Amino acid sequence: MKLFPRLGAGWMLVAGVSFSCMGLLVKFGAHYFSSAELVFYRSIFGFIIIGASVVAEKRSLMTSYWYLHVIRSFSGLVSLWLFFYAISHLPLATAITLNYTSPLFLAVLLTFIAREKLNPFLFIALLVGFVGVMLILKPHVNDSQWFAALMGLLSGLGAGISYLVVRIMGQKGEPEWRVVFYFSALSTLVMAVIMFFPVGVVSPQPFSIAKQHIGILIGVGFAATIGQLTMTRAYRLGKTLLVANLAYATIVFSAVMGIVFFREWLSTSAWLGVVIVIASGIMASWITNQRSME
C-alpha cells in the first residue's frame with residue numbers, strides 16, 4: 001500500500017512533463033495557427049479518444065447536472081483559450097505560472113461563493129501569492145505584453161471556476177470521465193463554429209497549412225490527453241495534497257523548456273515571483289484540503 005502514493009506522485013510528474021510539452025508545442029504552433037485553432041485541435045483530439053472509450057465501454061452520458069456541465073465547460077474553454085493566447089505572447093514559464101494561480105482563485109471562490117470561512121492563514125497565502133504575480137509581471141513584462149499577461153491571469157481565474165464546479169459535481173457523484181467528455185465535446189463544437197462558420201471571428205488556416213504542420217497539432221492533442229489521463233490516475237493512486245503540490249512541477253519543466261528552445265531567461269525578480277506563487281499555491285491547497293476534511 002505504501003507504493004501507491006509514490007505511484008501517484010510519479011504519475012503527476014508524467015502529467016507535468018506532458019502539460020509542459022503541450023505548452024511548448026502551442027508556442028511553436030502559434031507561428032502558424034491562432035489560439036482558437038489550437039484549442040479546437042486540442043479539444044477534438046481529446047473528444048475522439050474519450051468518445052471512443054465511452055462507446056467501447058457502453059457508458060451512459062445521461063446526467064442530472066446539465067447546468068453544471070455547461071458552466072464547467074464554458075469556464076474551462078475560456079480559460080484554455082486565454083491560456084493558449086498567453087503562451088503565444090509571453091515567455092512559456094510566465095504564461096504557465098499565471099495559469100497556475102488557479103488554486104489562489106479557487107480559495108477566493110470557496111470563500112465568497114461556497115460561503116466557506118476565510119482562514120487567516122489562507123488570506124495571507126492569497127496576499128503573498130498575488131505579490132508573487134506582481135513580481136513576475138513588473139518589470140519583467142514589457143508594455144506590449146500586458147494584455148497577454150492579463151489574459152494569462154484571467155485563465156487562472158477561469159480554471160479556478162472550473163475546479164470549483166468540478167468539486168461540486170464530484171460531491172454529487174458525477175464521474176470525472178463524463179465531466180471531461182462534455183468539456184471536450186462542447187469545446188470542439190464551439191471552436192468549430194467560431195472558426196468555420198460565417199459568424200466566426202477567426203478564419204482557419206488553409207488545409208495545406210494544417211497538413212504541413214499536422215505534427216504540431218497532433219502533438220498538442222496527444223500531450224494534453226496524456227496529461228489529463230495521467231493527472232487523473234495520479235489523484236486516484238496518490239495522496240491528494242502531495243499530488244496537487246507536485247502539479248507545480250509543470251512550471252519548472254516549462255521554464256527549462258523555455259530556456260532550451262526559446263532562450264527565455266527570466267529576471268531574478270520574475271524567478272522570485274514564480275517561487276512565491278508556487279509556495280502560496282501549495283499553502284492555499286493545503287489549507288483548502290484541511291478544510292474539506294473537517
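Note that the structure is a prediction, hence the values are computed from the model and not measured.
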With ring-ring contact (aromatic ring centres under 6.0 Å, His included) as the criterion, how do Phe28 and Phe262 come out once you've worked through the C-alpha distance, each side chain's angles and the decisive distance to 0.1 Å? CA-CA 10 Å; Phe28 278 124; Phe262 303 106; 5.0 Å; yes
Looking at [X] and [Y], what are the two nearest heavy atoms and their distance?
X: Met257; Y: Val17; result: CE-O, 4.3 Å
X: Gly219; Y: Leu25; result: C-CD1, 3.4 Å
X: Ser155; Y: Asn99; result: OG-ND2, 3.1 Å
X: Ser102; Y: Ala159; result: CB-CB, 3.7 Å
X: Ile251; Y: Val274; result: CG2-CG1, 3.6 Å
X: Phe19; Y: Thr250; result: CB-CG2, 4.0 Å

Measure up the Phe130 and Phe105 rings against each other and bin them: parallel (under 30°), tilted (30 to 60°), perpendicular (over 60°). perpendicular
Would you call the rings of Phe47 and Phe181 parallel, tilted or perpendicular, taking 30° and 60° as the class edges? tilted
Derivation of the ring-ring contact (aromatic ring centres under 6.0 Å, His included) call for Tyr85 and Phe147: CA-CA 10 Å; Tyr85 180 87; Phe147 181 77; 5.8 Å; yes
Straight-line distance of Tyr182 OH to Ile50 CD1, nearest 0.5 Å: 12.5 Å
Within this structure, what is the NE2-CD1 distance for the pair His213 and Ile218, rounded to the nearest 0.5 Å? 13.5 Å
How would you list all residue pairs meeting salt bridge (charged side-chain N to carboxylate O under 4.0 Å, His left out) that involve residues 19-31, not counting sequence neighbours? Lys27-Glu264
Please enumerate all residues that pass side-chain hydrogen bond (donor to acceptor under 3.5 Å, both in side chains) together with Ser18, with sequence neighbours excluded. none
Residues in side-chain hydrogen bond (donor to acceptor under 3.5 Å, both in side chains) with Glu174, at least two apart? Thr63, His69, Arg178
Do the side chain of [X] and the main chain of [Y] share a donor and acceptor less than 3.5 angstrom apart?
X: Ser187; Y: Ser184; answer: no
X: Ser73; Y: Val70; answer: no
X: Ser162; Y: Gly76; answer: yes

Evaluate the side-chain contact (heavy atoms from CB on, under 4.5 Å) criterion for residues Val220 and Tyr41: first the C-alpha distance (whole Å), next the side-chain angles of each, then the deciding distance (0.1 Å), finally the verdict. CA-CA 8 Å; Val220 169; Tyr41 289 112; over 6 Å; no
Any Phe84 side-chain heavy atom under 4.5 Å of Glu37 side chain: no
